[in-house]
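Presented below is the structure to which this report refers.
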2 protein chains.
Amino acid sequence: MVTIKQVAEEAGVSVATVSRVLNSNGYVHEETRKAVEKAIEKLHYRPNEIARSLYHHTSKLIGLVVPDITNPFFPELARGVEDYLQQEGYHLMIGNSDENVEKEVQYIEAFRQHNVMGVISSTSEETAEWTKLNIPVVLLDRVQNDFPSVYADQEAGGQMAANILLERGSRNITLLRGPIHLRIAQERFLAALHVLGKSDVHFQVMNTSFSLHDASSTAKQLFDQYPNTDGVIAANDIVASAVLREALLRGKNIPEELQIIGYDDIPVCELLYPALSTIHQPAYEMGKEAAKLLMKSLKQSKKINEQMMLPVSFVERETTRKVEKV
Amino acid sequence: MVTIKQVAEEAGVSVATVSRVLNSNGYVHEETRKAVEKAIEKLHYRPNEIARSLYHHTSKLIGLVVPDITNPFFPELARGVEDYLQQEGYHLMIGNSDENVEKEVQYIEAFRQHNVMGVISSTSEETAEWTKLNIPVVLLDRVQNDFPSVYADQEAGGQMAANILLERGSRNITLLRGPIHLRIAQERFLAALHVLGKSDVHFQVMNTSFSLHDASSTAKQLFDQYPNTDGVIAANDIVASAVLREALLRGKNIPEELQIIGYDDIPVCELLYPALSTIHQPAYEMGKEAAKLLMKSLKQSKKINEQMMLPVSFVERETTRKVEKV
DNA sequence: TTGTAAGCGTTATCAA
DNA sequence: TTGATAACGCTTACAA
């Protein structure tokens with residue numbers, strides 16, 4: 001490892017001078033600067049972030065916690081975060097929490113021990129522990145009043161999903177509700193519920209998780225219990241895919257007999273047949289904005305508490321009928 | 001931030017003593033040990049990894065580089081890595097390389113600057129840069145003779161895929177070849193090619209990437225150029241899904257008229273309809289083994305160069321015919 | 001414009 | 001069994 005000391009020797013100056021040119025701090029003669037730069041170049045010197053970090057109590061590290069990177073919505077978020085951070089010279093420590101508070105606490109410890117400068121969290125809204133860290137935290141795809149957060153317009157999304165099915169003629173709708181403890185899931189559920197409630201169609205509600213493991217059995221159960229369903233508002237695209245598969249398996253015509261609308265717009269939607277109509281959340285953008293917001297609160301000392309809501313949109317594909325057909 | 005000094009004061013001893021109980025190093029009287037532990041408890045003290053890292057030139061950080069976490073195969077790998085590492089008390093710095101050498105170099109710099117202890121890389125086999133780091137590197141789902149690597153048995157996988165289609169009666173097979181610069185892709189391609197070559201069936205080869213963005217057009221092209229194809233060996237599951245969709249779109253009966261076999265066994269396979277038959281790569285296990293291998297080479301000083309090949313298996317679902325039917 | 005030296009939070013050596 | 005202290009690589013007063 002080449003240190004500042006060696007650079008100083010090579011350039012025939014003191015370490016202080018090298019440090020000055022490194023940080024463009026204080027006065028340094030043009031000549032000396034060049035000499036130092038030459039030495040740096042020659043030795044391929046790169047300052048040791050660890051030493052800097054120790055002195056400054058800062059770092060170029062950001063923590064990112066997601067419930068499970070294996071769930072296809074999160075890689076998009078993570079990628080948005082990473083791309084922005086990387087261009088700002090920051091790097092990512094990442095952890096999967098499985099929505100498990102113990103694990104979260106472990107990461108919090110790890111983050112603290114590594115002088116992580118800020119955290120982006122897509123995990124449970126149980127944020128008591130996070131407050132202890134005393135560094136900026138931005139919630140991503142999660143909402144909690146005490147923290148800045150970046151999320152998509154769940155109310156609009158829920159309404160949109162319900163209205164789409166209604167407009168296109170579903171008369172017996174099954175509404176799949178996501179995890180009840182997740183505010184975003186609850187919000188879009190409530191919004192859809194409200195729309196259905198104001199309509200004259202028949203509808204029912206089923207609970208489900210967001211996860212692939214439960215999706216198939218949820219789908220089976222749905223058609224066993226409500227065989228006459230002609231419209232499904234799924235909790236997310238994973239669940240929607242499972243419903244689609246099960247419907248096809250039972251010989252339903254889609255979208256003629258049954259319309260399905262998903263949520264998220266994960267990449268595979270367009271690979272399904274029929275391709276899944278869904279509510280698009282701008283996941284990559286959300287990640288990017290969360291990172292941007294975090295950078296902003298790093299740069300200014302006063303706490304910010306911005307709530308940033310990004311718009312959702314309906315992506316019309318093949319599991320909903322064309323509106324003219326109604 | 002509470003430091004070792006404060007703990008020492010609280011316990012009425014010197015920092016050296018605290019350090020000794022922290023690391024269970026050297027002699028320390030039972031009484032004093034208890035006093036120190038009490039102080040630690042009381043102040044919620046946690047040693048600063050940064051300071052340790054500076055002194056020891058070590059850390060609890062591992063670097064992980066993947067081409068693109070957005071590609072559904074990599075989250076499984078990453079999760080396997082993370083779970084194992086986490087249980088060993090290590091943490092992950094992660095980066096997406098986009099197979100871009102410049103980006104890789106940036107991560108290498110970042111890893112070095114943070115005293116990262118080892119790297120797991122699923123990115124290009126252009127490893128010249130990695131050697132410069134002088135820390136253990138384990139290749140994951142990539143192979144290169146100079147590095148330890150963990151990968152799945154591509155030769156068996158390629159053969160299996162071809163044999164499955166052959167056994168089940170495909171007589172006009174299109175073999176989709178993945179990125180030519182990737183040794184694993186090339187190996188499974190070659191293995192499948194070899195099997196087809198020894199058979200008496202008609203077959204053709206098309207080049208494709210692994211990516212979702214190219215998948216649809218590849219699929220279209222496939223059926224435009226080779227409308228009589230009755231068996232497709234896809235480069236991976238993404239491509240297979242696109243082919244499946246396109247085939248369905250064109251009204252083909254699956255698997256009666258056309259069999260499709262994927263590669264990887266990403267989670268969505270079972271959500272498709274018909275569900276995708278595929279060659280299963282034990283991605284999670286691979287990640288875990290790579291992490292294990294890395295830990296091993298961290299613990300012993302001499303370089304290891306283990307090549308670990310995990311078995312693949314055929315997952316029979318609905319895009320291949322039952323073998324009795326032939 | 002430059003250099004000396006103290007300090008960031010640890011660990012390890014050495015002396016007591 | 002304990003405590004001073006130098007060292008890890010860097011930054012920043014302060015002195016020159």
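All values derive from a computational prediction rather than experimental measurement. Each chain gets a letter, A, B and so on, in the order its sequence line appears, and its residues count up from 1. Both backbone and side-chain heavy atoms feed into the values below; hydrogens, waters and symmetry mates do not.
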_Test applied, salt bridge (charged side-chain N to carboxylate O under 4.0 Å, His left out); reference residue, A:Glu88; option that passes from A:Lys60, A:Lys288, A:Lys292, A:Lys299_ =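 For A:Glu88, the salt bridge (charged side-chain N to carboxylate O under 4.0 Å, His left out) test succeeds with only one of A:Lys60, A:Lys288, A:Lys292, A:Lys299, which is A:Lys299.
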
*In the 5'-to-3' direction, what one-character label does each nucleotide of nucleotides 8-16 of chain C receive under the scheme B = base within less than 4.0 Å of a protein heavy atom, S = sugar-phosphate only, - = no such atom?*
BBBBBB---

*If only atom types and distance count, is the side chain of A:Asn71 paired as donor or acceptor with the main-chain N or O of A:Phe73 below 3.5 Å?*
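Yes; judged by distance alone, with no hydrogens or angles, the pair exists.
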
Could you report the tightest heavy-atom contact between [X] and [Y], atom names first, then the distance?
| X | Y | value |
| --- | --- | --- |
| B:Ser122 | B:Arg142 | O-NH1, 3.2 Å |
| A:Tyr151 | A:Met286 | CA-CE, 3.9 Å |
| A:Ile69 | B:Pro75 | O-CB, 3.3 Å |

*So does B:Thr17 get a side-chain nitrogen or oxygen closer than 4.0 Å to the phosphate oxygens (OP1/OP2) of D:dG3?*
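For D:dG3, OP1 or OP2 has a side-chain N or O of B:Thr17 closer than 4.0 Å.
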
*Give a yes/no answer on whether the side chain of A:Ser14 brings an N or O atom under 4.0 Å of OP1 or OP2 in C:dT2.*
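False: A:Ser14 side-chain N/O out of range (4.0 Å or more) of C:dT2 OP1/OP2.
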
*Between the side chains of B:Arg52 and B:Asn115, is a donor N or O closer than 3.5 angstrom to an acceptor N or O?*
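Judged by distance alone, the side chains do not pair up.
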
*Run the numbers on B:Val138 and B:Phe147 for side chain to side chain contact (heavy atoms under 4.5 Å, CB included), then give the verdict.*
CA-CA 6 Å; B:Val138 172; B:Phe147 289 90; over 6 Å; no

*Axis-to-axis angle between the two ends of the helix from C:dT1-D:dA16 to C:dA16-D:dT1 (five base pairs per end, rounded to 10 degrees)*: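 If I round to tens, the end axes sit 50° apart.
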
*Considering only heavy atoms, which members of residues 26-34 of chain B lie under 4.0 Å from some atom of DNA chain C?*
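Output list: empty, so none.
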
*Are more than 12 heavy atoms from other residues, nucleotides or ligands located less than 6.0 Å from atom CD of B:Glu41?*
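No, the 6.0 Å shell around CD holds no more than 12 heavy atoms from other groups.
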
*Considering only NZ, NE, NH1 and NH2 on the basic side and carboxylate oxygens on the acidic side, decide whether A:Arg33 and A:Glu37 come within less than 4.0 Å.*
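The answer is yes: the pair qualifies as a salt bridge.
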
*asked:* Salt bridge or not between B:Lys132 and B:Glu129? Use side-chain N to carboxylate O under 4.0 Å.
replied: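 Salt bridge between B:Lys132 and B:Glu129, a charged N being under 4.0 Å from a carboxylate O: yes.
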
